[in-house]
Amino acid sequence: QVQLVESGGGLVQAGGSLRLSCAASGRTFSSYAMGWFRQAPGKEREFVAAISWTGGTTDYTDSVKGRFTISRDNAKKNTVYLQMNSLKPEDTAVYYCAVVRRDGDIWSPAYWGQGTQVTVSS
């Protein structure tokens with residue numbers, strides 16, 4: 001079992017930045033690929049970004065490429081980050097951290113955090 005706790009959400013104006021953090025505990029964090037998903041009101045949860053267990057491979061949904069950066073710290077903090085720049089109102093959602101695995105062309109979540117709200121005002 002893995003426990004995931006997100007933090008760093010909040011209210012920001014369009015064009016601003018936020019950094020989300022996800023602290024992991026439980027089983028060996030560095031063995032897992034990690035990802036971020038989001039769910040906007042009235043919409044399905046969608047993939048945002050993922051990072052391999054080494055940190056050497058990253059993947060992003062098209063709408064955030066060039067604006068968001070996923071990273072991880074295996075050595076010290078067992079934490080995965082999502083740096084979000086040039087935020088847009090359409091980025092407003094609850095953001096969830098997840099342990100993921102690659103299933104063909106998609107990243108499948110195995111464990112979820114509780115989520116953190118990101119609101120971008122226009």
Side-chain angles (χ1 to χ4, degrees):
Q1 191 75 8
V2 176
Q3 291 78 45
L4 304 172
V5 179
E6 301 97 332
S7 61
L11 173 65
V12 64
Q13 289 188 333
S17 298
L18 283 175
R19 187 175 82 155
L20 305 183
S21 299
C22 173
S25 61
R27 299 177 70 176
T28 307
F29 171 77
S30 59
S31 300
Y32 293 100
M34 299 294 297
W36 288 93
F37 293 73
R38 66 186 179 186
Q39 187 167 19
K43 295 187 177 180
E44 293 186 352
R45 196 171 298 189
E46 65 172 354
F47 168 77
V48 176
I51 187 167
S52 64
W53 67 274
T54 64
T57 300
T58 57
D59 192 17
Y60 299 91
T61 191
D62 286 346
S63 63
V64 308
K65 285 179 180 177
R67 300 188 298 121
F68 291 11
T69 303
I70 188 170
S71 62
R72 67 190 296 163
D73 183 345
N74 291 346
K76 296 181 179 179
K77 298 184 179 180
N78 283 358
T79 301
V80 62
Y81 304 97
L82 186 68
Q83 177 67 43
M84 306 185 295
N85 299 327
S86 302
L87 282 160
K88 304 175 181 180
E90 52 263 44
D91 295 318
T92 295
V94 178
Y95 283 71
Y96 298 89
C97 174
V99 172
V100 297
R101 64 174 185 268
R102 188 74 174 177
D103 287 331
D105 293 334
I106 65 171
W107 292 96
S108 296
Y111 300 103
W112 294 105
Q114 84 288 351
T116 185
Q117 176 70 48
V118 171
T119 303
V120 184
S121 63
S122 58

If hydrophobic clusters are built from ILVMFWY residues whose side chains come within less than 4.5 Å, do Tyr60 and Leu87 share one?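 Yes: a chain of side-chain contacts under 4.5 Å links Tyr60 to Leu87.
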Verify the cluster assignment for Val64 and Trp107: are they in a single hydrophobic cluster under the rule of side-chain heavy atoms below 4.5 Å apart?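 No; tracing contacts between hydrophobic side chains, which count when under 4.5 Å, never links both residues.
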Apply salt bridge (charged side-chain N to carboxylate O under 4.0 Å, His left out) to [X] and list each qualifying residue two or more places apart in sequence or on a separate chain.
| X | answer |
| --- | --- |
| Glu90 | none |
| Lys43 | none |
| Arg101 | Asp103 |
| Asp62 | Lys65 |

Not counting sequence neighbours, which residues clear side chain to side chain contact (heavy atoms under 4.5 Å, CB included) with Ser71? List them please.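 For Ser71 the side chain to side chain contact (heavy atoms under 4.5 Å, CB included) partners, ignoring immediate neighbours, are Tyr81.
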Could I get the full list of side chain to side chain contact (heavy atoms under 4.5 Å, CB included) partners for Asn85, not counting sequence neighbours?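 Expected list: Ser17, Gln83.
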At what distance, to the nearest 0.5 angstrom, does CG of Asn78 lie from CG of Asp73?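 Atom-to-atom, Asn78:CG and Asp73:CG are 8.0 Å apart.
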From CZ (Arg38) to OG (Ser63), nearest 0.5 Å: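 Between Arg38 CZ and Ser63 OG, I get 4.5 Å after rounding to 0.5 Å.
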Do [X] and [Y] make a side-chain contact, defined as non-hydrogen atoms from C-beta onward lying under 4.5 Å apart?
| X | Y | result |
| --- | --- | --- |
| Leu20 | Met84 | yes |
| Thr61 | Phe68 | no |
| Val2 | Met34 | no |

Which pair of heavy atoms, one from [X] and one from [Y], lies closest together, and at what distance?
| X | Y | answer |
| --- | --- | --- |
| Leu4 | Tyr111 | CD1-O, 3.6 Å |
| Glu44 | Gln39 | C-CG, 4.1 Å |
| Gly113 | Tyr96 | O-CD2, 3.7 Å |

For residues 115-122, which side-chain N or O atoms pair as donor and acceptor with protein atoms under 3.5 Å away, sequence neighbours left out?
unit_1	atom_1	unit_2	atom_2	d
Thr116	OG1	Gly9	N	3.2
Gln117	NE2	Ala93	O	3.4
Gln117	NE2	Thr119	OG1	3.3

Mind checking what makes side-chain hydrogen bond (donor to acceptor under 3.5 Å, both in side chains) contact with Arg67, not counting sequence neighbours?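 Applying side-chain hydrogen bond (donor to acceptor under 3.5 Å, both in side chains) to Arg67 gives Asp91.
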With Ser52, which residues qualify under side-chain hydrogen bond (donor to acceptor under 3.5 Å, both in side chains), at least two apart?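 Counting only residues at least two positions away or on another chain, Ser52 forms a side-chain hydrogen bond (donor to acceptor under 3.5 Å, both in side chains) with Thr54.
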Has Glu6 got a side-chain atom pairing as donor or acceptor with Gln114's backbone, closer than 3.5 angstrom?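 Checking the backbone N and O of Gln114 against the side chain of Glu6, a donor-acceptor pair under 3.5 Å is found.
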Pair Trp36-Val80, side chain to side chain contact (heavy atoms under 4.5 Å, CB included): steps then yes or no: CA-CA 9 Å; Trp36 288 93; Val80 62; 4.0 Å; yes
Side chain to side chain contact (heavy atoms under 4.5 Å, CB included) between Tyr32 and Val100, worked out: CA-CA 7 Å; Tyr32 293 100; Val100 297; over 6 Å; no
Partners meeting ring pair (Phe, Tyr, Trp, His ring centres under 6.0 Å) with Phe37 (sequence neighbours left out):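 With sequence neighbours excluded, Phe37 shows a ring pair (Phe, Tyr, Trp, His ring centres under 6.0 Å) to Phe47, Trp112, given in chain and number order.
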Mind jotting down which residue pairs meet the salt bridge (charged side-chain N to carboxylate O under 4.0 Å, His left out) criterion with at least one end in residues 47-59? Sequence neighbours excluded, please.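 As it turns out, the salt bridge (charged side-chain N to carboxylate O under 4.0 Å, His left out) pairs with a partner in residues 47-59, which skip direct neighbours, are Asp59-Arg102.
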Provide the full list of disulfide bond (SG atoms under 2.5 Å apart) pairs with a residue in residues 44-79, sequence neighbours left out, each pair given once.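 Found none.
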